[in-house]
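Quick notes on the structure that follows.
Lettering of chains follows the sequences in order, A, B, ..., and the numbering in each one begins at 1.
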Amino acid sequence: MSAIIQIQNVSKTYNNGHQALHSINLDIKKGEILSLLGPNGAGKTTLISIICGLVNKSSGSILIDNFDNTTHYRQAREKIGLVPQELHLGMFDKVWNTLRYSRGLFGKKADDAYLDQLLKDLSLHDKKNEEMRNLSGGMKRRVLIAKALAHQPEILFLDEPTAGVDVELRKDMWQIVDKLRQSGVTIILTTHYIEEAEAIADRVGVINQGKIILLDETKAIMKRLGKKHMHLELQTPLSQLPDTLKALNFEMSEDGASLYYHFKNQKEYANIPKLLKAVTDCDILINELHTSKSSLEDIFVNLVTNEK
Amino acid sequence: MNLTAIKAIYNAEMKRFWSTIGQSIVSPVISTSLYFVVFGSAIGSRIDQVEGIDYGTFIVPGMMMFALLTQSVSNASFGIFFQKFTGTMYEILSAPVSSTEILLGFVGAAASKSFIIGSIILITSNFFVDLHIQHPIIMLTFFILTCLSFSLLGFIIGLWADNFEKLQIVPLLIITPLVFLGGSFYSINMLPEIWQSISLFNPVLYLVSGFRWSFFGVSDVNITLSLIFIGLFLSTCVGIVWWMFRTGYKLRS
């Protein structure tokens with residue numbers, strides 16, 4: 001897939017001297033869903049804001065479908081839709097009017113049929129003539145998405161789209177994002193919910209202290225950095241760990257009632273029978289066996305902690 | 001030029017005006033009538049004529065100028081400030097819209113509102129006094145230039161202000177006193193000599209005087225000076241706005 005966004009050596013230092021981004025390089029592929037993860041203040045929103053034209057970069061270049069976002073800002077920006085983190089809406093505006101306004105801002109001629117369909121797709125059609133102040137938080141967020149899509153962009157930025165949204169609505173949002181991806185829209189989302197990135201993103205980028213510290217396909221990250229663990233609950237607690245098991249890198253819980261084994265890589269998974277035999281050879285009776293895999297959240301926390 | 005975007009911004013700004021159309025029309029009609037009652041009848045009954053013109057008629061250009069200045073500044077400043085305040089400005093900044101187009105949308109709408117209000121005052125005045133405009137083209141030029149330049153000033157204030165206090169400070173503490181002391185309701189020839197000299201430093205005097213000249217052919221200062229002043233003021237405002245957009249002042253960090 002070709003890159004629809006090319007970010008080269010982008011840095012940002014605010015007037016107060018705070019360097020929010022350090023020479024960011026990132027290619028975003030056409031049609032993919034990229035999730036940007038990072039703790040608060042990592043630089044996610046700054047990066048999105050620079051791409052969309054809300055913040056000026058200090059150095060570097062950004063190409064949107066080969067158009068420089070500063071020198072050819074018109075061509076670059078008309079390809080982008082932005083859903084901001086906060087619910088920035090005119091409280092007295094009606095849903096329909098605000099959509100027509102958004103479309104007009106991007107220089108597109110009125111297309112009521114398209115906007116009507118958009119409202120239906122986002123389950124907003126019955127709210128068409130409602131004022132924004134009468135809508136729930138979830139509905140307002142849908143309106144923001146509708147506004148961002150009103151000019152039929154090829155790229156959609158979702159800055160924390162599910163922040164403060166209940167579980168049901170969050171799942172709804174994921175469906176919306178999936179539908180958009182199917183229609184060919186490239187989606188870049190920032191999120192605090194790592195399960196969200198794990199569930200819907202093709203690739204994940206982790207930003208910390210203004211640097212991208214990890215960028216790969218979600219599955220590849222899980223495969224490469226996701227560790228598997230084996231937990232054995234014993235019938236009788238041990239007073240001490242037998243030397244043979246110690247040599248195999250088994251660990252014992254403080255109360256002696258459990259044994260743990262951390263697999264270093266996928267190849268080791270094949271050793272499970274051998275490991276279990278070593279345990280039973282020590283006359284240890286196993287009550288229950290559990291295996292677990294570290295989530296993207298564990299990986300993320302590890303990465304960010306290691307960076308510190 | 002993204003004409004559709006200019007239209008979108010302009011219409012959105014005008015919508016607020018049309019949605020309160022009753023208030024928008026009734027308010028200037030009432031205030032104009034009150035001015036005629038207070039200044040025209042109460043004070044005017046003691047002042048027969050000023051510069052050979054009936055006092056009630058004499059105050060019409062000043063009254064219009066007062067409304068144009070205050071309305072232009074408040075409409076334009078509120079329009080842009082409100083977008084910043086509610087955060088909805090993000091949409092304009094991320095759209096393929098140039099600074100000029102943003103300016104045309106906001107300032108065009110604010111100037112249009114002031115023009116409509118000024119026209120309502122002029123029409124209402126006709127019910128109270130007999131008005132004959134001697135130089136209609138010059139009058140219209142002053143009318144439009146004032147709406148535009150003070151809407152630009154309002155736009156600058158709206159961009160600069162980051163709270164409601166700052167938004168109000170210039171109109172309340174600078175514009176209003178300057179208008180009242182700028183000969184809106186009197187000729188500076190009625191003042192003691194020292195105050196006449198001081199008044200010449202008041203920029204609004206040149207506007208009111210020029211505007212009055214276009215109505216009656218009489219003025220406190222030379223009409224050319226008035227035209228030069230409004231031209232300079234407009235250029236200065238355009239220059240400041242250009243600088244603000246170029247540097248992203250209070251818009252893009």
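- Open room surrounds CG on A/N15; 12 or fewer heavy atoms of other groups in view lie less than 6.0 Å from it.
- Residues of residues 145-159 of chain A that come within less than 4.5 angstrom of chain B, heavy atom to heavy atom, are A/K147 in numerical order.
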Practice prompt. Kindly determine whether B/L207 and B/L69 satisfy side-chain contact (heavy atoms from CB on, under 4.5 Å), including the steps that lead there.
Written response: CA-CA 10 Å; B/L207 285 178; B/L69 264 55; 4.1 Å; yes
Discussion item. What verdict does the side-chain contact (heavy atoms from CB on, under 4.5 Å) test give for A/I50 and A/L21, after you've listed the backbone C-alpha separation in whole Å, the side-chain angles of each residue and the deciding distance to 0.1 Å?
Written reply: CA-CA 10 Å; A/I50 289 175; A/L21 295 176; 3.8 Å; yes
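- Enclosure of atom NZ in A/K179 is not indicated, since only 12 or fewer non-hydrogen atoms of other residues, nucleotides or ligands lie within 6.0 angstrom.
- Between the side chain of A/K140 and the backbone N or O of A/L87, no donor-acceptor pair lies under 3.5 Å.
- In this structure, B/S184 contributes its side chain and B/V179 its backbone to a donor-acceptor pair below 3.5 Å.
- Residue A/N56 touches chain B through both its backbone and its side chain, counting heavy-atom pairs closer than 4.5 Å.
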Worksheet item: Stepwise, does the side-chain contact (heavy atoms from CB on, under 4.5 Å) test hold for A/Y14 with A/V55?
Response: CA-CA 10 Å; A/Y14 285 102; A/V55 171; 4.1 Å; yes
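- Along residues 66-85 of chain A, the residues that come nearer than 4.5 angstrom to chain B, judged on non-hydrogen atoms, are A/Y73, A/R74, A/R77, A/E78, A/L82, A/P84 in order of number.
- B/K113 places a side-chain N or O within 3.5 Å of a backbone atom of B/E13 that can act as its donor or acceptor partner.
- Interface remark: A/T46 contributes no atoms to any contact with chain B (heavy atom separation under 4.5 Å).
- The main-chain N or O of A/S23 is found under 3.5 Å from a side-chain atom of A/S11 such that the two form a donor-acceptor pair.
- When all heavy atoms of B/T70 and B/A67 are compared, the pair lying nearest together is OG1-O, 3.3 Å.
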Discussion item. I'd like to know whether A/K30 forms a salt bridge (Lys or Arg N to Asp or Glu O under 4.0 Å) with A/D65, so could you lay out the CA-CA distance, the side-chain angles of the two residues, the decisive distance to 0.1 Å, and finally the verdict.
Written reply: CA-CA 9 Å; A/K30 198 168 187 168; A/D65 207 10; 5.0 Å; no
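- The number of heavy-atom neighbours closer than 6.0 Å to CD1 of B/I137, taken from other residues, nucleotides and ligands shown, is 12 or below.
- Considering A/D202, A/L189, A/I187 as possible partners of A/S35, the one that fulfils the side-chain contact (heavy atoms from CB on, under 4.5 Å) test is A/L189.
- Contact annotation for A/Y101: both backbone and side-chain heavy atoms come within less than 4.5 Å of a heavy atom of chain B.
- Residues of residues 144-160 of chain B lying under 4.5 angstrom from chain A, judged on non-hydrogen atoms, do not exist.
- Minimum heavy-atom separation, A/K44 to A/G38: NZ-O, 2.7 Å.
- For residues 82-106 of chain B, heavy-atom neighbours of chain A at less than 4.5 Å comprise B/Q83, B/T86, B/G87, B/T88, B/Y90, B/E91, B/I92, B/L93, B/S94, B/A95, B/P96, B/V97, B/S98, B/E101, sorted by residue number.
- Checked by atom type and distance alone, the side chain of B/S226 pairs as donor or acceptor with a backbone atom of B/Y206 at under 3.5 Å.
- When A/G107, A/G90, A/A110 are compared by the number of non-hydrogen pairs under 4.5 Å with chain B, A/G107 comes out ahead.
- A/T98 places no side-chain N or O within 3.5 Å of a backbone atom of A/V95 that could act as its donor or acceptor partner.
- If you measure heavy-atom distances from A/K12 to chain B, the contacts under 4.5 Å come from the side chain alone.
- For A/D116 (side chain) and A/D112 (main-chain N/O), no donor-acceptor pair under 3.5 Å exists by modelled atom type.
- Remark: side-chain polar atoms of B/T4 are not paired, donor with acceptor, to backbone N or O of A/G104 under 3.5 angstrom.
- Rounded to the nearest 0.5 Å, atoms CG (A/N9) and NE2 (A/H22) are 13.5 Å apart.
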